[in-house]
Chemist: 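Below you will find the structure I want to go over with you.
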Amino acid sequence: MARLHRLLSRALASNHLLRPSPAPFSARLTLPLHSQPPAPPRPHPHGRSPPPFLAAASRHYASPISRRRRRGSLPSMFPRRRRARLKGPAELSVQIGIEEALPDDPLVLSIAETLRTDVGKAMKLAFHNLGNSEYKTRDPCISNVDEYDSVEVSLLLCDDDFIRKLNKEWRGEDRATDVLSMSQHIPGLQIPVLQLGDLVISVETARRQAEERGHTLLDEIRILMVHGLLHLLGFDHELSKEAEEEMEQEEEKILNTLEWIGKGLIRSAYHFSTDMGHSENSDEANRDIEKRSLQEGHQPKLTHIICDIDGHLRSESIESLREAVSRGVTVIMLTGKTRASTIATFKLLNMEGRGDFISENSAGVFLQGSLVYGEHGQLIYRANLDVDICKEACLYSLKHKIPLVAYCEEQCLTLFEHPSVNLLHTVHHETKVKVMPSVEDLLEYSSIQKLLFLGNKNEDFSVLTQHWSELTEGKACVIKEQPNAIEIVPLNASKGGGIRALLDHLGLTEDSDLEAVGDYTRWLSNK
Amino acid sequence: MAKAIPKIGSRKKVRIGLRRNARFSLRKSARRITKGVIHVQASFNNTIITVTDPQGRVVFWSSAGTCGFKSSRKASPYAGQRTAVDAIRTVGLQRAEVMVKGAGSGRDAALRAIAKSGVRLSCIRDVTPMPHNGCRPPKKRRL
């Protein structure tokens, strides 16, 4: 036994074995979101601990990164059965490009970023649907994607001029179009990479179609992307009526499952063409009326617009706001976000600061009515959360590893890093969330107006909502506007209350020249 | 040439939950053939060159990615040229048929590289299918 112990220690102490193995690529590592606490050390089988160098060596080899190296390196006197290594999941390489001639636009850049993940989601769903559905008219040359190591698809956002040249060269049609799908797949070629092909989307045409169909540019590009993707997977709506119905059905299925706004491209196109029959004749008359009213210097009826940007802001609303601001109407923002975040959002739309529209000097109701800014942007009302509730929430967050964000005027504070928390900054344009070292440090910020519990996309916070509603009864208000997030705000704070305070401050009555975007009556009744 | 998109914290490669069933032979140990078919797949973001024997069995494949080009450089004509040279040199072709597919910038560069490599080309065929368009039904006639 002693000899065996000596041999093992000598083998493990050798340079060759103790050289740390290189860590694999981060893309290959799949780490749990909430890491488990380390398991307690096992007692040594012989009742005494091994020598320190041996303990160190065994610790090194127990790390998950170097597990494969360990098996190959152990001395041959310890034969070990090799387990079959799990084959890793196939990789989808999504390449998004922006054509050089396309003017720099922050909105297009933001859409390109969003598409990186959106294309992946749509592809995954399309592959899943192909496996579960029987389509008679689809070209089945791409049937089993499981046999490929990686699947490549590229998407290029361009202008009308670029897509027109492509359309002329490859289709013989000298006009701009919305989307072109150029297949790259060669059936029967046994290589580990499935190059599906290219999607080319004209942003200019997409923008026009989005306005015609009443949704945002991102929604329209998503619809075009799904349409093009299905073409690459063998669908073709031009073959027959049945083929068109099958493709339309698949488009709708993907858009509905991913909860993306808008009808599929086929249905949208047909609906639009039938609507045009009724509306085209009256278009010119409408334009004449508009021109005449502008020439006569028609005074705007409205002086103020209250705009709830939480879930109500669509492309048509944004255009209306642009128009209103250009005519000198005062826009009052109403939101659950911070003022800094709202300014950042409208900066992307190129509307920040124009005519005192959403700047540091504009009036608005923020953080669900916890902060109300009046004329020239001065604070006229603030509602803070009870310190006990904040402490309780912080401790709960740490105990259950549920990310919590505390809003303190323009600052966002949290207790630990988490992907959901990072999304607040990268996607929702909140100020960078500051990680506090302890609960005490966080509570030093005495004026906390809102707490936000965040979960993953598929998490449901119904139980958590009920728990906190009972816990904060009579002290705070719990709002659940999304399934994976709950907000805790002061009892005396609500959007309706915030509007009332602001209207009083501005000397406006409800029946004065005032218009709301969103459900205005609900806010006012929600005192 | 497409612009590079500034990264805002998201990954370009999106992992999808699919399992690999087939294992492909190592690319290094390509058998050498004198006559074959060169398939060029030129997309806007990558160029893949596949060499098959006359029966259609893959002998060797190479892409701009496997040649060491990353992200936006994979789409460059130079990447297409290097990929083609890499494939032909490894296999040692003397006579070949070329099938070109796609409208990417690596397409012409790859063809030029193949032509300059000394391989006798029996024919070059463009097998790019007609791209699919969006859905635009004919408008109603206005009276």
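Here is the naming used below: chain letters follow the sequence lines, and residue numbers restart at 1 for every chain.
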Chemist: Going by atom types only, do A:Ser202 and A:Asp160 share a side-chain donor-acceptor pair under 3.5 Å?
Modeler: yes
Chemist: With a 4.5 angstrom heavy-atom cut-off, could you sort out which part of A:Leu157 is near chain B: side chain, backbone, both or neither?
Modeler: neither
Chemist: Heavy-atom distance under 4.5 Å to chain A: side chain of B:Ser43, backbone, both or neither?
Modeler: both
Chemist: Could you list the residues that satisfy ring pair (Phe, Tyr, Trp, His ring centres under 6.0 Å) with B:His132, not counting sequence neighbours?
Modeler: A:His231
Chemist: Using heavy-atom distances under 4.5 Å, tell me whether A:Glu173 contacts chain B through its side chain, its backbone, both, or neither.
Modeler: side chain
Chemist: Between A:Val200 and A:Phe162, does a side chain to side chain contact (heavy atoms under 4.5 Å, CB included) hold up when you go through it step by step?
Modeler: CA-CA 9 Å; A:Val200 186; A:Phe162 184 87; 4.3 Å; yes
Chemist: Is chain B contacted by the side chain of A:Val119, its backbone, both, or neither, given a heavy-atom distance below 4.5 Å?
Modeler: neither
Chemist: Just so I understand: if I count every heavy-atom pair under 4.5 Å between each of A:Ser183, A:Gly228, A:Ser181 and chain B, which residue has the most?
Modeler: A:Ser181
Chemist: Does B:Gly102 offer a backbone N or O that forms a donor-acceptor pair with the side chain of B:Thr128 under 3.5 Å?
Modeler: yes
Chemist: Between A:Leu180 and A:Arg171, is the side chain to side chain contact (heavy atoms under 4.5 Å, CB included) condition met? List the steps.
Modeler: CA-CA 10 Å; A:Leu180 285 176; A:Arg171 288 177 60 85; 3.6 Å; yes
